[in-house]
Amino acid sequence: MNRPPATFDCSPMDTQIFNLGLSVTATSAYILITALVGDGVRPELGSIRDRWNASPEELDRALADLADHNVIERHPGLEGSEPVYLVNPASLWGVAREPWPAPKPLPVHSPKKD
């Protein structure tokens, strides 16, 4: 009787990605990033772009959508290198984050008149 291997060499893709209701493009970007990580490739923007088969604008939108849903985080690269996109644990994923609130204007104080 053949048994499956005790371990599998696969990417750390979490199937919860399909429950977020993301676009096909955003889901594809997530799968690509996890495949890179599974292959031991640093998920830098250039590595992602090299394997992306749609337009650069679609990739930018997909990465932004993933970040808005806390699926990935963009980290600056080391001195002059490209940004790196790291996948957050599925427990942090969720509905789109609210944008940071705009700073409130400082009150204007009028000089006191005597």
Side-chain angles (χ1 to χ4, degrees):
M1 179 173 165
N2 290 340
R3 293 182 181 230
T7 60
F8 294 92
D9 183 23
C10 60
S11 64
M13 188 186 99
D14 192 316
T15 58
Q16 291 300 312
I17 193 70
F18 300 112
N19 297 332
L20 291 179
L22 297 171
S23 68
V24 172
T25 308
T27 304
S28 296
Y30 167 79
I31 293 170
L32 175 57
I33 292 168
T34 58
L36 289 172
V37 172
D39 288 345
V41 176
R42 186 175 169 88
E44 292 177 325
L45 184 57
S47 300
I48 298 167
R49 280 193 178 140
D50 288 347
R51 291 159 180 85
W52 185 251
N53 60 8
S55 73
E57 295 78 22
E58 288 177 295
L59 177 59
D60 292 341
R61 281 193 300 275
L63 294 174
D65 198 14
L66 291 171
D68 286 346
H69 285 81
N70 292 324
V71 174
I72 62 171
E73 283 188 35
R74 181 181 187 271
H75 294 270
L78 301 173
E79 294 186 34
S81 67
E82 296 182 316
V84 176
Y85 292 88
L86 301 179
V87 176
N88 287 322
S91 60
L92 298 178
W93 300 354
V95 206
R97 292 183 287 191
E98 291 294 320
W100 287 99
K104 294 181 181 177
L106 296 173
V108 177
H109 295 287
S110 302
K112 290 185 180 180
K113 292 184 181 180
D114 293 325

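Heavy atoms only: backbone and side chains are in, while hydrogens, waters and symmetry mates are out.
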Would you compute the distance between atom CG of Leu32 and atom CG of Asp50 and round it to the nearest 0.5 angstrom? 10.0 Å
Given the rule in the side-chain contact (heavy atoms from CB on, under 4.5 Å) test, do Arg49 and Leu59 qualify, once you have shown the distances and angles that lead to the verdict? CA-CA 8 Å; Arg49 280 193 178 140; Leu59 177 59; 3.5 Å; yes
Taking side-chain hydrogen bond (donor to acceptor under 3.5 Å, both in side chains) as the definition, give me every residue that meets it alongside Asn19, ordered by chain and number, with sequence neighbours left out. Gln16
Take Tyr85 and Val37, measure what side-chain contact (heavy atoms from CB on, under 4.5 Å) needs, and give me the verdict at the end. CA-CA 10 Å; Tyr85 292 88; Val37 172; over 6 Å; no
Which distance, rounded to the nearest 0.5 Å, do you find between the CD1 of Ile31 and the CE of Met13? 5.0 Å
If the condition is salt bridge (Lys or Arg N to Asp or Glu O under 4.0 Å), which residues does Arg42 pass it with, not counting sequence neighbours? Glu44
Please round to the nearest 0.5 Å and tell me the distance separating atom OG of Ser23 and atom CG of Leu66. 7.5 Å
Tracing side-chain contacts under 4.5 Å among Ile, Leu, Val, Met, Phe, Trp and Tyr outward from Val84 reaches Leu86
Point-to-point distance, once rounded to the nearest 0.5 Å, from OG1 of Thr25 to CG of Asp65: 9.0 Å
Quick check: does any side chain N or O of Asn70 sit under 3.5 Å from a backbone N or O of Gly94, one acting as donor and the other as acceptor? no
Is Leu22 reachable from Leu92 through a run of I, L, V, M, F, W or Y residues, each pair having side-chain heavy atoms under 4.5 Å apart? no
Quick one: does any side-chain atom of Tyr30 pair with a main-chain N or O of Ala62 as donor and acceptor, under 3.5 Å? no
Once rounded to the nearest 0.5 Å, what's the spacing between atom CZ of Arg61 and atom CG of Asp68? 13.5 Å
Distance col, row Ile48:CD1 vs Leu36:CG, nearest 0.5 angstrom, shows 6.5 Å
Do you reckon Ile17 sits in the same ILVMFWY cluster as Val24, going by side-chain contacts under 4.5 Å, direct or chained? no
Trp93 side-chain N/O to His69 backbone N/O, donor-acceptor pair under 3.5 Å: no
Apply side-chain contact (heavy atoms from CB on, under 4.5 Å) to Asp14 and Thr34, showing your working. CA-CA 9 Å; Asp14 192 316; Thr34 58; over 6 Å; no
